[in-house]
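Accompanying notes for the structure given below.
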Amino acid sequence: MLTGMGGSVGKSIITDMKNIKLGGLLLLLLGVHTNLYAQQTRTIKGRILTVEVGSKEKQPLPSASIVVLSKSDSTLVKGTTSDKEGRFTISFQPQSKKAYLLKMSFIGMQSVYRVLKDSTSVNVGTITLKDDDIQISEVVVTAKLKEIVTEGDTTVINAAAYKTPEGSYLEDLVKRVPGLVYNKNDKSLSYNGQTISEINVNGESFFSGSKETALENLPADLVSKLRVYDKRSKEEEFTSVDDGKKNYVLDLQTKDELNETWLTNAKIGFGNNRKKDLEGQANYFRKNGDNISLMLRSTNRYQNSTYKDNINNSVGLNMTKKLGKEINLSGSVNYGLNRNGNLSTTYQEQYLTGGNQYSSSASESNSKNKTISGNLFGDGKIDERTRFHFMGNFGLSPNQSENSNQNATFDAPPGIDQSNLFHDFESIPKDIRINRSENRSLSDGQSNNYMWMASVMRRMDEKGNTTVSLNLQNSDTWGTNKNFSLSNTTYYRLKDKQGNDSVLFRNQYLQSPTRNGTWRAGLSLTQLIAKKVRLQASYNWSAQYERDNRDTYELSALTSTDTFGKLPDNYEEGYVDSLSNRSRSRLNGHDLSLGVNYNDTTWMFNAMVVVSPQKRTIDRKIGKLSADTTMNTVDFQPMMWLTWRKKELQLSLNYDGMTRQPSLSDLMPLTDNSDPLFITRGNPDLKQMFTHNLRLSFQNQAKGLSANVGWRMEQNSVTQVMIYDSQTGGRETYPININGNWGVNAGANWWKRMGKSFSLRLNANGNRDNRVSMINEDRSQEPEKSTTRASNLNCEAHLAYQPTWGGIDLTTGWQYQYSLNSVNNNNTFTRNYRFGLESYVDLPFGLQLRSDATYELRGGTNIQKDDENEILWNAGATYRFLKKKTAELSAYWSDILSDKKNYTRTATSDGFYEYRSQQIRGYFIVSFKYNFRTMM
């Protein structure tokens, strides 16, 4: 009995021991697995600070470069940048028995290295980077200051490497940086061919990112570094998914010594030709992004037309503020008053199968526009996993304008100087005249708008593998325009009952109220589906409406031309139903998108497709004719972006396609003959249009080289068929689909610093376009295709010498434009050669002399002898005095030789155009400016 019990107990003990051993083995294996898994990923955390110059105060250093290097050969393993608070976290997978270094750096500062231990989690604590040499227990390397470096996806430009004259604005600095191009005419800014959409200061918005405000108002000596990068949206930052849409910004990093300093100046200047330039500024910036700026200006210095009342008045207030650590706010308010007048002429050759048509016009116009606008942006945290973002803006814009013009059309070149054509009109042979019109108009309008948007984003788990966002948006635009129009048109090939030239006289008043608005709501989901791979899906609903009316009243029988611009009490009796219209439209749409994103230190891939089913309705009435239609359509938008990068090399391939429905007004089969020389009608058979864009770009910052090539093609392009009336010279247009519109472009630039004082920059770009339209001179025949092949080539070389006593810039350029049209083989060309010299010298006692000169040699179709050459020479002098040179007296003489000419030439698929405007020939202005700085 006992023996049996002992055997049972022994078996039980043995069994328990086996279980214990098995459990211990499992625990051991689990521990080994956990340890091995932990060793696969090593995480380093820390914070980067910098010391303010002239003080002991430390500030967070955002966008510092943190990289993990192989200790044996300095091979890059992983990289990141510090956030706005200077903090960083970087994880990588180490290899067995291999040592690693952590490098922390910022352009112009010392690079700090730390040897990483084998621990799976390393906190390096707080690291302070300084400009001067220091000795610390770790290895310290003083980095050589470079002009341009690449830190991840960010290009960092050292402003100190590009010397500008004292008192220069940011615009002067930008034009010295290789790859940065600012077009003052259209206010566009680009870097290596990529469009820059906004300008920030210390990472935060400045006047809503306005490029013009920053470039033409901020002093160049405010900036220590310029950073160019693709700024992520709030949703991209939160989800870590790149949506493929490029939003390049130029971020200005202010100098440390100007941190928490009020920079204030006031300027007053007067000159001949009624020139004046009054300006006041106050700017305050902090390294953490806080800023406040007030700008006031009243000037006509850069308005060079001969109109005596030109003026541009503006007041702007911008502010950015952090409320604690969780909420950021920024906003601006602006007021502007612009009065501008102009005298201009236009010459046009219209390509026709039976022989070209020629027209000339002369116009005198003036306008007065007021604008009041404001905006507010905000974002912050609700908790550690939830963020919110909102924005809103508004605008009020009353405007007035007056215009007088004459226009004439011929079937042969008139053979008279365009500037005097209407003075010598009677000398033009009658057999080539088609029509002549004299027009006068007065316009008074008001436009208003607002927009607001709010979004909430939440991570569904601690790691952020799943995120959800919700957004809501509303906008509305409304206004009205009241217009008086007086016209007298003579048709030389149409006779009245008495056999005289037919004349059409109109004295009209038009009211055009409009309103349109949009509501939009959306939901998006982002999910980590594999290591470094995220899937994104979203749905958006939108509703849009438009109301557009035009009421026309004929006043010829109710008033006289002497009272033009005054509305008679009984004006409603002149209502013209056939020249009035009503238009209502609504759109309900759904956007469904699906995308995938992959991103590591070498490759980044993003692909997305958007499908947009829509229901569109329109109800339109022109005169007594009316039509309505409802359409159900589907649009597609595929996108793909691939980037490879290694150290300072980067190669990117980008494709985006988009379908677009024809406008509802183009689809309506109604005819609008309110302008007898330009009649329009719709086409209900229009099809969907598909646009393709492909771009390949390359950058090597170490070699100062960048290049890009692009291709564009349109399927089912919507173009206008033009039916010409040989008797009246008028035209009737209607839209059709056509294929054959495409274009290619390419560009490259190279720059190199030679020694300490010389730099060389070479730029070249060109494009080739194929543009197609349709023309018809006989309604009984099918329209004939008109194809224009246009080429444009530009080359430029820039040599800069920047010694300590001043600077000399030499530029030379060549531009060639050529177009060939298939109708009668019409061809035009323009060839420009340009040579420029810009220089300044700093003399003793605070005196600086500046001068720039440009010689341009032109040649081409229809270019007159007087327009072939142009020499534009400007000169100025500045004297700085008082303590710390805070006061300056300057004189500037523009266009000393009075030789500037202003005209533009373009070729399209249906004709050749040349535009000229009158300008004052030079001016002289004397200014006094006082600068002072106050530390807070």
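Predicted model only: the values in this text are computed from it and were never measured.
Shown are Leu694, Leu696, Asn745, Val744; of these, the side chain to side chain contact (heavy atoms under 4.5 Å, CB included) with Val709 is made only by Leu696. Each of Leu252, Leu173, Leu263 was checked for a side chain to side chain contact (heavy atoms under 4.5 Å, CB included) with Leu218, and the lone residue meeting it is Leu252.
In this structure, a donor-acceptor pair under 3.5 Å is present between the side chains of Ser652 and Thr643. No side-chain donor-acceptor contact under 3.5 Å links Thr299 and Asn312.
For Ser447, there are no side-chain hydrogen bond (donor to acceptor under 3.5 Å, both in side chains) partners two or more places apart in sequence or in a different chain. Applying the side-chain contact (heavy atoms from CB on, under 4.5 Å) criterion to Leu376, with sequence neighbours excluded, gives Phe390.
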| query | So Lys267 and Asp277, salt bridge (Lys or Arg N to Asp or Glu O under 4.0 Å) or not? Walk me through it. | reply | CA-CA 8 Å; Lys267 183 173 72 172; Asp277 191 12; 3.3 Å; yes

| request: Decide side-chain contact (heavy atoms from CB on, under 4.5 Å) for Leu343 and Tyr307; before the verdict, give the C-alpha distance in whole Å, the side-chain angles of both, and the deciding distance to 0.1 Å. | output: CA-CA 8 Å; Leu343 292 172; Tyr307 182 59; over 6 Å; no

| Can you list the steps and then say if Ser305 with Asn340 is a side-chain contact (heavy atoms from CB on, under 4.5 Å)? | CA-CA 8 Å; Ser305 67; Asn340 188 48; 4.1 Å; yes

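At a threshold of 4.5 Å between non-hydrogen side-chain atoms, the residues Tyr833 and Arg858 do not count as touching.
Closest approach of Ile199 and Ala214 over heavy atoms only: CG2-CB, 3.7 Å.
A salt bridge links Arg834 to Glu796: at least one charged side-chain nitrogen sits closer than 4.0 Å to a carboxylate oxygen. Contact check on Lys255 versus Asp221 returns no salt bridge, with no Lys/Arg side-chain nitrogen under 4.0 Å from an Asp/Glu carboxylate oxygen.
In this structure, CD on Gln699 lies 5.5 Å from OG1 on Thr155, to the nearest 0.5 angstrom.
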